[in-house]
Every structure is written in C-alpha cells, then in structure tokens.
There are 2 protein chains.
Amino acid sequence: MIMKIDSAETHRRLLETAAIVFAEHGFAATTIRMICGRAKVNVAAVNYHFGNKEALYREVLRHVRRCAYEKYPPTYGLTADSTPEERLHAFVRSFLLRTLGDEQNRVFGTLTMREMVEPTGALDMIIEEGIRNLFGELLGIVGTLLGADVDAETVESCSRSIIGQCVFYLFGRPIITRMSPEQKFTKDDIEKISSEIVDFSLNALNGIMSRATRHGTRPSS
Amino acid sequence: MIMKIDSAETHRRLLETAAIVFAEHGFAATTIRMICGRAKVNVAAVNYHFGNKEALYREVLRHVRRCAYEKYPPTYGLTADSTPEERLHAFVRSFLLRTLGDEQNRVFGTLTMREMVEPTGALDMIIEEGIRNLFGELLGIVGTLLGADVDAETVESCSRSIIGQCVFYLFGRPIITRMSPEQKFTKDDIEKISSEIVDFSLNALNGIMSRATRHGTRPSS
DNA sequence: GTACGTTTTAAACGTTTGTTTGATTCCACA
DNA sequence: TGTGGAATCAAACAAACGTTTAAAACGTAC
C-alpha cells in the first residue's frame with residue numbers, strides 16, 4: 001500500500017493520543033508502547049519526534065492547556081460593562097467548562113489534576129503560566145465584591161473558598177459519578193453547578209461584607 | 001504465640017515505610033526496592049509478609065485510614081449538647097486534622113488523594129467505608145442548619161460547597177505552599193482555616209435560608 | 001533514473017521491574 | 001544439644017521498561 005510519509009500527521013497523532021493515555025494512567029504508569037500502539041506508530045517515533053518520554057509529556061501539557069484556554073478563556077461570555085457578580089459567574093463557569101466541559105477539556109483537567117497530586121517537575125510551569133494569573137483574577141473580583149472595608153487576608157481566604165468549590169467538582173468527579181450516577185457533567189449540569197457555586201459564594205460574601213461594614217472587622221459572636 | 005525471629009517488627013516497619021514511600025511517589029512509581037531499602041529489610045520480605053506489591057498497598061491504605069480516624073474522628077471535640085454550628089465546625093476541623101494534621105495524617109491524606117485521582121481498585125473500598133458516611137453526616141448537619149423550608153437538592157449542593165472548601169486545602173497544599181510559603185499547615189493554621197471555612201459557609205447558609213423562608217425557594221433578583 | 005536527506009521500521013540494547021528460589025540463620029522446644 | 005519450622009538473605013528469574021540502532025522506505029531534487 002502506498003503510504004505518503006507525513007511527519008506532521010505522526011507528530012499530531014502522537015500528541016493527541018499521548019494526552020489521552022497520560023490522562024488515563026498517569027505519567028509513570030503510561031508506557032511508550034501504549035501510546036504508540038494506540039496511535040499506530042512505531043515505538044521509536046516518540047524518541048524521534050520528541051526526544052524522550054518526559055519531553056513528550058511536557059509538550060502534551062502545553063498543548064492541552066493552550067487548547068483549553070483558547071476554547072474557554074477566563075473572560076468567557078463577558079462584556080466590557082459586566083458587573084462584579086457577572087465576572088465571578090464567568091470565572092466559575094469558564095473554570096468548570098475548561099476542566100470538565102467536553103472530552104478534550106477533561107483530558108486537560110485530569111492532567112492538571114494529576115500534576116497537582118504527583119508533581120513531575122512540570123508543576124512550576126503550570127503554576128507560573130496558569131494558576132497564578134487565574135487566582136490573581138479571582139482575588140480582584142472578590143476584592144471588588146467585598147469592598148474596601150474588608151482586609152486582604154479575608155479576601156484571600158474567601159477566594160480560596162470559592163476556588164475550592166470549583167476544584168471539588170474536578171477532583172471529586174470519579175467519586176460524584178459513583179455516588180450520584182445521574183450526574184453526567186453535561187454542559188447543562190455545569191451551568192447549574194456554576195449557578196449554585198456563585199449563589200452560595202455571593203451569599204457568603206454579602207454576609208461577611210455587611211458584618212464588616214456594620215461592626216468593623218471584628219467577627220460576630 | 002511462638003515468635004521465632006521478630007517477624008512483627010519487620011511487618012510493622014514495612015507497613016509504615018511503605019505508607020510514606022507510596023505517599024511520596026504513588027503506587028506505580030514506587031518500587032519494592034525503594035521500600036525495602038528504606039525499611040532496611042530484604043526485597044523478598046514484601047512477598048513473604050504480604051504476598052505482592054498490590055496486597056501491601058491495600059494493607060497500607062487500611063492501616064493509615066484506621067490510624068487517622070482513631071486519632072481524629074468526625075465527632076472530634078464534640079459534646080452531646082453541641083449546636084449544629086459546633087457540629088459543622090467539628091466536621092470541618094476533624095477533616096482537616098485527619099488529612100493534614102501531622103506527618104502521619106498527611107500520609108493518609110495524600111494516599112486518599114492519590115487514590116481519588118488514580119483509582120487502583122481500592123477506591124470503592126474508600127468510598128463505601130469512609131466517604132459515604134462522612135458525606136451523609138455533613139448532609140445531616142447542613143439540613144439542620146438550613147431548616148425545613150429548603151429542599152434536599154439545595155442541601156446537597158451546599159454540602160458539596162462546604163466539603164469542596166475542605167478538600168481544596170488537601171489537594172492544593174503543594175500549590176499553596178509554593179505560592180504562599182508562609183503557610184506551613186501547623187495545627188494553629190488548621191484552626192484558623194477551619195474557622196474561615198465555617199464562617200464563610202455559615203454566612204452562605206444563612207443567606208440561602210433566610211431568602212427561602214422569606215420568599216419561598218425562588219432565587220432573588 | 002540516480003542520489004540525498006527525512007521518516008519509518010523491526011530488532012535489539014542495557015536496565016529495572018516484581019517475583020521466586022534455595023540456602024542460611026534464627027529461636028522455641030525437646 | 002540437637003531438631004524443625006519460621007524468617008531472612010543473596011542471587012537469579014522472566015518480563016517489561018525507555019531508548020538506541022542500522023537498515024529500509026519514502027519524497028524531492030537533479
């Protein structure tokens with residue numbers, strides 16, 4: 001059979017297959033033969049196109065992150081004159097869509113999750129290029145919502161409470177689907193979850209803010 | 001019983017060392033030679049005392065879970081006449097202590113975390129023996145706090161928001177320590193985090209409850 | 001058609017893996 | 001003091017790992 005040699009095609013198929021297999025089994029438990037077997041390329045292809053297994057893994061992380069952020073940027077659905085409440089909603093929704101939205105995004109979510117639990121050295125890259133900016137954005141939104149009477153420490157702990165609710169659905173997905181099989185994480189499910197998180201959080205922020213403005217920063221008994 | 005050589009000592013040292021090494025590297029990346037080297041026992045000891053690597057891993061999971069729950073049960077510090085607010089606080093605090101309290105508990109937290117991200121088959125055991133009861137308890141507390149005017153679905157989503165804040169500090173610990181090196185997760189830190197989570201959550205629950213009792217279950221605005 | 005650089009291929013490389021073996025060491029009991 | 005079963009040990013096992021190799025297959029230029 002006449003097979004036109006297409007280096008870019010092999011490169012692409014290797015990258016996409018590797019993303020799926022790494023997401024399924026993790027870096028250590030994934031073998032090059034698994035990837036090449038599924039991608040239908042020779043075992044030597046990984047070393048020829050990427051150098052070694054670890055370099056392939058780093059390229060995979062960069063690739064899925066770029067795709068995920070292109071599809072669902074943190075400002076997803078926002079307009080220039082959005083309210084702080086709308087910005088919070090967009091932040092939460094885009095986070096969930098980016099990590100759980102569809103099959104490709106779940107690969108990104110799973111790989112990021114794995115890297116957080118078992119850092120392979122690429123975690124610093126993930127923090128510096130993604131997480132730091134993301135959290136800074138959330139700090140800005142929460143700071144605006146809480147107003148000037150609330151100190152920075154409270155803003156930070158509230159931001160952690162909000163992002164915590166989001167990552168729970170990422171990390172807890174295998175458990176949630178086992179305990180509540182009706183939860184399929186469709187886009188409608190994600191819309192609903194986003195609204196619940198925002199509702200819960202805005203109520204919390206309103207309570208904390210009104211207490212601060214009425215009684216100073218002292219916690220009520 | 002007749003103890004020839006000190007078999008129990010080898011068994012114990014193997015179990016404790018394996019817990020640490022599995023927590024550090026994960027199941028797949030941990031080798032039997034790593035464990036035996038650190039435990040200063042022969043490589044054949046694992047197979048002699050536990051059968052194989054996977055059986056050792058399961059025993060490790062059982063062991064660290066038992067130790068963690070013995071040290072910090074979900075009712076940690078509660079009395080018979082505690083208020084729902086105190087029960088929520090005890091729930092949050094005991095969770096954080098159980099998974100982050102000290103070095104031994106962090107091993108439990110890390111292993112559970114790894115099992116959630118990369119189930120090795122022991123996840124079902126973890127859910128049935130631990131998580132299901134734990135979440136049921138939280139549902140009860142939140143249901144009491146919200147009162148009869150709030151539907152079960154809201155109780156569940158609020159419970160997820162609360163447990164989400166807790167697991168964030170477990171899963172996010174490597175990132176938090178990199179971004180905020182002053183956070184050392186001492187017991188004082190955990191007390192503070194617990195109070196922040198409870199404060200945030202009670203404000204949220206109060207807002208949601210008062211809205212429900214005043215305006216029915218319709219969301220405001 | 002021939003030569004040349006690139007890509008693919010099957011095979012083998014040296015390590016390392018989990019596990020097993022057979023001899024040796026140990027100690028309670030006779 | 002000698003015996004026997006339990007525990008330890010060094011050594012080796014086959015299998016699988018990531019990686020390398022050298023040749024074959026391919027497209028492109030002349």
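To find a chain, count down the sequence lines: A is the first, B the second, and so on, and within it residues start at 1. No hydrogens, no waters, no symmetry mates; every other heavy atom, side chains included, goes into these values. Please read all numbers here as calculations on a predicted model, not as lab measurements.
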Checklist entry - How many Å lie between CZ on B:F50 and P on D:dT8, as a whole number? => result 11 Å
Checklist entry - Atom CG of A:L56 to atom C1' of D:dG18: distance rounded to whole Å? => result 12 Å
Item to check | Cation-aromatic face contact B:R160/A:F168, 6.0 Å, 45 degrees | outcome: no
Checklist entry - Picking from D:dT20, C:dT19, D:dT8, which would you name as closest to the side chain of A:A44? => result D:dT20
Checklist entry - Is any side-chain N or O of B:H11 closer than 4.0 Å to OP1 or OP2 of D:dA7? => result no
Checklist outcome for this item: Taken to the nearest whole Å, CD1/A:I32 to P/C:dT17 is 16 Å
Checklist entry - A:T31 side chain N/O closer than 4.0 Å to the phosphate oxygens (OP1, OP2) of D:dA16? => result no
Next on the checklist: Regarding D:dA10, can its base be found pairing with the side chain of B:N42 as donor and acceptor, where the two atoms are less than 3.5 Å apart?
Outcome noted: yes
Item to check | Side chain of A:N47 - closest among C:dG18, D:dC17, D:dT20 | outcome: D:dT20
Checklist entry - Less than 6.0 Å separating the ring centroids of A:Y57 and A:F22? => result yes
Next on the checklist: Cation-pi check for A:F27 against A:R114: NZ or CZ below 6.0 Å from the six-membered ring centre and within 45 degrees of the axis, yes or no?
Outcome noted: no
Item to check | Listed nucleotide nearest any side-chain atom of A:Y48, set D:dC17, D:dA11, C:dT7 | outcome: C:dT7
Checklist entry - Between A:H49 (NE2) and D:dT19 (P), how many Å, whole number? => result 15 Å
Checklist entry - Rounded to the Å, how far apart are B:H25 NE2 and C:dG18 P? => result 13 Å
Checklist entry - How close or far is atom P of C:dG18 from atom NZ of B:K53, stated in whole angstroms? => result 4 Å
Checklist outcome for this item: In whole angstroms, the gap separating C1' of C:dT17 from CD of B:E54 amounts to 15 Å
Item to check | Reported CD1-to-CZ distance for the pair A:I197 and A:R93, which is rounded to 0.5 angstrom | outcome: 12.5 Å
